[in-house]
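Atoms within a ligand are numbered from 1 in the order they appear, just like the ligands themselves. Computed from a predicted model, the values in this text were never measured in an experiment. Only heavy atoms go into these numbers, but all of them, side chains included; no hydrogens, no water, no symmetry mates. Index from 1, following the sequence.
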Amino acid sequence: MRYLSTRGGTETVEFCEAVAQGLAPDGGLYLPETFPDLSPLVDAWSGLSYPQLCHAFFQHFATDLPDSDLEGAIYSAYAGFSHEETAPLVRLNDQWQVLELFHGPTLAFKDFALQLLGNLYELQIKKTGKKLCVLGATSGDTGAAAISGLLGKSGVEVFILYPEGKVSPLQERQMTCTGAENVYPLAIEGTFDDAQRTVKELFGDLSFRDSIGLSAVNSINLARILAQSVYYLYAWLKLDPIKREHTTFVVPTGNFGNVFAGWLLTRMGIKLGGFRVATNQNDILHKLFGSGKYELGEVYPSLAPSMDIQVASNFERLLFYFLDGNTEQLKQVMKCFREEGRYAFEKFTIPGFSSSSTTDQEIPEIIQKVWTEYHYQVDPHTACAFKDLPANEPAVILATAHPAKFPQVYEDAGLGRPTSPILEALLDKPPLKYQLSVDAREVRSFIEQKLNP
Ligand SMILES: *Cc1c(COP(=O)(O)O)cnc(C)c1O
C-alpha cells in the first residue's frame, strides 16, 4: 500500500515513511492511494479481540513493516488499557450505546493512536538508527497522551509546551508526574496560542529541525487516523447485523480527525449508518454542514477545551474526497481559506453526515440529565454528543474522555465527583516541570542543552 498527498505535489510513499514524516513535503496530508475491500472479511473478523482486529486491519495498510514487528507494536500498545475489551460498548437504552474510549493510560481516546504511534516511532528508530525529537504544544489532552505514548522509548526525547496555569491541575499532573527521563514538560508563561506559535517557529527553523530530527505528533499523522478507524470497526462488528446500516456514530469533534477515521471505513466496503459531528460552542464545522460556509471565527474557551479549535486540520482530508481527488481545486480552496479565513461552498453535503453544536450553558444540563435518566457519567466533551440526538434511532455515542478528567463541571452542578484510580495515583508522585518564558530562542537553547549536555 502506498500513500499520496492531498496536494498532489509529492511522490507516493510507503507506510513507515508517511508515519515518520507526518506532514507531506508539499504541505498536504497523507492518504491511502487505494482502499482494500473489507466487506468479505466481516464474518471472519466478528469474533476477534481488539488487538487481533487492529492487527488484521493494519496488515492491509502497514505493508512495509515486518508482520511480527507490527503485531508486537499493536499488542504492547493496548496491553496498558485497563478494560479487558479495550473499547467496551455500554448500553444506555434500546437505541443508544456508548463506546467508551477512555480506558487507556491518560483516560482519553487519543491514547488509542498515541500508544501505537510511540511503538511505531521506536521501530522506525531501530530501522534507521536516527534519533527523534518530538516537539508539541498542548492545551491538555494531546500533551498527556503524547507523553504517555512516548515515555521511556529509547531514541526519542519529548518536549511538550503548555501554558502555565491554563491547563487543568489533573492534566498538568498527567504531564509532569511521569518520572520519565526522556520527557520535558515546558510550562510556558503565556497562552496556548503563544506556545503553539513558538512550536511553529521552531519547526520553521529548517537547520534546527534537521539537526535534531524534529517530529510532530499532532492529529495530522496518518497512523493516528488509521488507529482510530479500528474502534469504529470493532463497535460496528458488535452491533446487531440488522441494525448495522442504520446506526449513527455520534462523535465529539474538534480537529475532525476522529470522525474522519470512522468515515474512511465507508471507503472500504463497511456500511456504517452515518456520522453526527458534535461540536461545542466553537461551531465552525456545524455551520459548514448547515450552510456550506467554512469560516474562521474567534475561539471561545469552553467547558470542553479539547474541542476549542479554529481550523480543523483534518478537514483537508475530507475535502480531498469531496472534490473527487482534484488536487488543484483543493489547493485553491486551502489557499483562499488561508488568505481570507473563509470559503463558501455552494453546498457542503456529504451523504450520511449530520451535525450539532452545544453551548457551555447546555453542557452541565446534559450531564445532569444523562445522570438522572441512565445513571451514567459523561465528561463535558461526550456531553456534546447528546445535543438534539434523535431518540428513536439507533446510535453509538463515542465517549472521548473519562468523566474524572473534568471533575469541576460535576462539582459546579452539585453532582458527585467522578474518580479514577489512575488519576488518584498521580497525587503521590512528585511533579517535574521546566518553567520558560515564551521565547523561541530560549526554548531552542533549552532543547539543545538537554540533547547535548
Ligand atoms: C482531542 C479531543 C476531542 C476532539 O477530537 P478531534 O479528533 O480533534 O475531533 C474530543 N474530546 C476529547 C476528550 C479530546 O481529547
Side-chain contact test, heavy atoms from C-beta onward, threshold under 4.5 Å: evaluate it for [X] versus [Y] and give yes or no.
X	Y	value
Ile447	Glu157	no
Leu389	Arg276	yes
Tyr121	Val134	yes
Leu415	Val409	no
Phe256	Val277	yes
Leu222	Phe61	no
Phe406	Thr382	no

*Based purely on interatomic distance, does Asn258 place a nitrogen or oxygen under 3.5 Å from a nitrogen or oxygen of ligand 1?*
yes
*Would one find an N or O of Phe256, backbone or side chain, under 3.5 Å from an N or O of ligand 1?*
yes
For [atom], find the nearest protein heavy atom and state the residue, atom name and distance (0.1 Å precision).
atom	value
atom 8 (O) of ligand 1	Asn255 N, 2.7 Å
atom 14 (C) of ligand 1	Lys110 NZ, 2.8 Å
atom 9 (O) of ligand 1	Gly254 N, 2.7 Å
atom 11 (N) of ligand 1	Thr400 OG1, 2.9 Å

*asked:* If we set the cut-off at 4.0 Å for heavy atoms, which region of Phe109 has an atom near ligand 1: side chain, backbone, both, or neither?
replied: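 Side chain only.
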*Select one of side chain, backbone, both or neither to describe which atoms of Asp141 lie under 4.0 Å from any atom of ligand 1, heavy atoms only.*
side chain
_Candidate with minimal heavy-atom separation from atom 10 (C) of ligand 1, of Lys405, Met307, Gln228, His402_ = Met307
Distance under 4.0 Å to a non-hydrogen atom of [X]: what atoms of ligand 1 satisfy this?
X	answer
Ala401	13 (C)
Thr253	9 (O)
Gly257	7 (O), 9 (O)

*Distance only, no hydrogens: is a donor on one side chain within 3.5 Å (strictly under) of an acceptor on the other, for Asn221 and Arg224?*
no
